[in-house]
Amino acid sequence: MKYTVGIDKMSFYTTNYVIDMSELARGRDMDVNKCKTGIGQEKMSIISPYEDVITMACEAANDILSEEDIPDIEMVLFATESGFDFSKSSGIYLHKLLHLKPNCRVLEIKQACYAATGALQMACDFVRSNNNKKCLVVSSDIAWYGFKTSGEITQGCGAVAMLVTSNPRICKVSQGHVFVNNVNDFYRPSYSHEPIVNGKLSIKTYLDILNKTMQKQKFSYFCFHMPFATMSDKANKTLGDNQISQEHLEIAKQFGKYVGNIYNGSLYLSLLSVLINEPKDLSKQDIGMFSYGSGSIGEFFSVTISESYKEILQSDVIKHRIERRKEISFEEYESMLSTFVERESSSNFMLESSLTPKYCKFILEKIENGHRYYKKSNEN
Ligand code: CAA
């Protein structure tokens, strides 16, 4: 029997705290137009002291998993470039928190912002050869560049979860066109908490690889890896006659403009932005997708939208997550990210925060000898 493979369920999570770019510009004494017009960003989500890449991934995955899925999930691929352990996979913590079965394989996948796409393609291959089984792909990242760096205006945090199955109800995923080239545009060696970035080279390499991988094909929608919103404008321009309309590009950028850079998940946040914010029915349409991970690798592929996507997506949950966030001041932003840096550099950390966890089910309680302890609450 012929079956298709792709994304059956999908969700997105971001934290409850957000800074407006005008507030960041005020604190840094910078022209706000550089952030809002030049970079195209309105806001960016900021990680709270009681959340990390694991809690965000669990929140997104918890939205989509039902009890019936658990016995069929034979593999978890956890894509991140903000991992805190060079040996133990972040997915092992998620496996426990989501009560996945003991014989489910768990791996952390890394290749800068490309890892989620590599994981998605590997998950599709896995399901092609095991069509009754399912694979959970999660991407979870905290984009942290450091205070007063040029990358500071391109930060954010969030997670995307995708359940990959046969006969998917959101979209079928095509096999892609890949190009790899060893470039030192963005990397984070083990001695550094912040990435080492050559911003201009990273933009040039991104666009070079887009040109090398894209196929001469007209799509009404195209989603790009979007570290900041105007990167999508630059990418769209290089498509020449195949570029999408400005109206469609704005829809593809909409969620990311208000969330900021979520590294691996940003391409998939753009896909969600199209599926949720485009009022017209997209069933049976092909959407072009471009994934880029510094270092560097790029992949162009497409997804074909299933007829049931609107019923399956929890659009209101995702929209509410973006709208409900609490605006923080520049001073609170510096304080929260200083706590994050201190926490990520500590072998022992006890959460002592004036902030009460809100709107989250999974909470980081403490770090002891480098091991993280979480608790699950009943929050909605
Ligand atoms: N009003 C309006 N526009 C302004 C402005 C103002 N006052 N001041 C500057 N601008 C415009 C500039 O003209 C520029 O636009 P163009 O790119 O169209 O020329 C834009 O705002 C940015 O200004 P600069 O180039 O001067 O900014 P910068 O060099 O200080 O930093 C950055 C920009 C390179 C993106 C930097 O934030 C950075 O390094 N970010 C991290 C790296 C990154 O995001 N790279 C993207 C590709 S790599 C990737 O995608 C992987 C990943 O996720 C990291």
Side-chain angles (χ1 to χ4, degrees), residues 19 21-22 24-26 28-45 53 79-83 110-118 139-160 179-189 192-213 223-238 246 249 252-253 256-257 259-270 289-300:
I19 185 165
M21 299 311 281
S22 54
L24 183 68
R26 176 188 71 79
R28 289 284 172 248
D29 200 16
M30 182 195 291
D31 183 348
V32 65
N33 294 322
K34 174 168 178 177
C35 306
K36 295 217 172 185
T37 311
I39 294 293
Q41 286 299 132
E42 291 294 327
K43 294 171 195 275
M44 58 192 197
S45 283
V53 287
T80 185
E81 56 183 303
S82 337
K110 181 181 68 183
Q111 178 25 58
C113 303
Y114 168 78
T117 298
S139 78
S140 187
D141 274 306
I142 299 161
W144 160 248
Y145 284 87
F147 296 133
K148 300 180 186 167
T149 59
S150 66
E152 188 178 22
I153 54 177
T154 62
Q155 299 181 126
C157 62
V160 172
F179 188 87
V180 179
N181 192 16
N182 183 2
V183 178
N184 296 337
D185 60 332
F186 176 112
Y187 52 105
R188 182 166 71 88
S192 177
H193 282 293
E194 291 90 31
I196 299 166
V197 189
N198 181 336
K200 297 282 184 265
L201 178 63
S202 70
I203 294 171
K204 181 184 176 303
T205 313
Y206 175 123
L207 296 175
D208 284 350
I209 296 193
L210 170 60
N211 274 299
K212 288 196 164 71
T213 55
C223 297
F224 302 98
H225 166 56
M226 197 174 92
F228 55 93
T230 50
M231 190 68 232
S232 290
D233 295 80
K234 291 181 197 296
N236 193 40
K237 265 195 204 125
T238 70
Q246 194 58 35
L249 189 62
K253 295 192 302 185
K257 272 171 84 164
V259 171
N261 193 3
I262 60 165
Y263 285 163
N264 273 283
S266 70
L267 171 64
Y268 300 93
L269 183 59
S270 178
M289 304 279 285
F290 177 67
S291 178
Y292 175 72
S294 292
S296 61
I297 175 166
E299 179 165 344
F300 162 83

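Order of appearance sets the numbers: ligands from 1, and atoms from 1 within every ligand. Any value given below was found using the heavy atoms of this structure, including those in side chains, with hydrogens, waters and symmetry copies removed.
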- Criterion side chain to side chain contact (heavy atoms under 4.5 Å, CB included) against Trp144, the qualifying member of Glu152, Arg188, Glu194: Glu194
- Message: Which residue in the set Cys157, Pro227, Ser139, Pro195 passes side chain to side chain contact (heavy atoms under 4.5 Å, CB included) when paired with Tyr263?
- Response: Pro195
- Heavy-atom distances under 4.0 Å are what count here, so tell me which part of Ser202 touches ligand 1: side chain, backbone, both or neither. both
- Message: Quick one: does any side-chain atom of Thr213 pair with a main-chain N or O of Ile209 as donor and acceptor, under 3.5 Å?
- Response: yes
- Item | Sub-4.0 Å atoms of ligand 1 with respect to non-hydrogen atoms of Tyr145 | 41 (C), 42 (C), 54 (C)
- Min side-chain heavy-atom separation Tyr145-Val197 under 4.5 Å: yes
- Does any donor atom in the side chain of Ser294 or Asp185 lie under 3.5 Å from an acceptor atom in the other side chain? yes
- Query: Heavy atom under 4.0 Å from ligand 1: found in His225's side chain, backbone, both, or neither?
  - Reply: side chain
- Message: Quick check: do Met289 and Tyr268 have side-chain heavy atoms less than 4.5 Å from each other?
- Response: yes
- Under-4.0 Å heavy-atom contact between protein and atom 52 (C) of ligand 1: yes
- Protein heavy atom under 4.0 angstrom of atom 14 (C) of ligand 1, is there one? no
- Item | Check: Phe300 ring centre within less than 6.0 Å of Phe290 ring centre | no
- Message: Among all protein heavy atoms in this structure, tell me which lies nearest to atom 38 (C) of ligand 1, with the distance rounded to 0.1 Å.
- Response: Gly151 CA, 3.9 Å
- Note on the structure: Of all protein heavy atoms, the one nearest atom 24 (P) of ligand 1 is Lys200 NZ, 3.7 Å
- Does any N or O atom in Tyr206 lie less than 3.5 angstrom from one in ligand 1, N or O only? no
- Select one of side chain, backbone, both or neither to describe which atoms of Asn261 lie under 4.0 Å from any atom of ligand 1, heavy atoms only. side chain
- Atoms in ligand 1 with a heavy atom of Gly199 nearer than 4.0 Å: 34 (C), 39 (O)
- Ligand-residue contact atoms, ligand 1 with Ser150, heavy atoms, under 4.0 Å: 30 (O), 36 (C), 37 (O), 39 (O)
- Query: Of all the non-hydrogen atoms in the protein, which one sits nearest to atom 30 (O) of ligand 1, and at what distance?
  - Reply: Lys34 NZ, 2.8 Å
- Residue from His225, Lys237, Lys257, Lys253 passing side chain to side chain contact (heavy atoms under 4.5 Å, CB included) with Ser232: Lys253
- Task: Looking only at protein heavy atoms, identify the closest one to atom 2 (C) of ligand 1 and say how far it is in Å.
- Result: Asn33 O, 3.4 Å
- Task: Give the atoms of ligand 1, by number and element, whose distance to some non-hydrogen atom of Phe186 is under 4.0 Å.
- Result: 54 (C)
- Query: Between Thr37 and ligand 1, is there a nitrogen or oxygen pair with a distance under 3.5 Å?
  - Reply: no
- For ligand 1, which atoms, with element, lie under 4.0 Å from some heavy atom of Phe228? 35 (C), 44 (O), 46 (C)
- Message: At less than 4.0 angstrom from any non-hydrogen atom of Lys234, what atoms of ligand 1 do you find?
- Response: 16 (P), 17 (O), 18 (O)
- Item | Test item: Met231 and Phe224 side chains (from C-beta on) under 4.5 Å apart, heavy atoms | no
- Message: Within the structure provided, determine whether Val259 and Met44 are in side-chain contact (heavy-atom separation under 4.5 Å).
- Response: no
- Query: Within a strict 4.5 Å, meaning less than it, do heavy atoms of the Ser296 and Tyr292 side chains meet?
  - Reply: yes
- Query: Among the heavy atoms of Met226, does any lie under 4.0 Å from an atom of ligand 1?
  - Reply: no
- Message: Between Met30 and Ile153, is there a side-chain heavy-atom distance shorter than 4.5 Å?
- Response: yes
- Going by the atom numbers of ligand 1, which of them fall below 4.0 Å from some non-hydrogen atom of Gly38? 3 (N), 11 (C), 20 (C), 21 (O)
- Item | Heavy-atom check, side chain of Gln41 versus side chain of Lys36, under 4.5 Å | no
- Task: Would you mind listing which atoms of ligand 1 come within a distance below 4.0 Å of any non-hydrogen atom of Cys113?
- Result: 51 (C), 52 (C), 53 (O)
- Item | ligand 1 contact on Thr154 by region, counting heavy-atom pairs under 4.0 Å | side chain
- Item | Nearest neighbour of atom 22 (C) of ligand 1 from the list Asp31, Ile39, Asp233, on a heavy-atom basis | Ile39
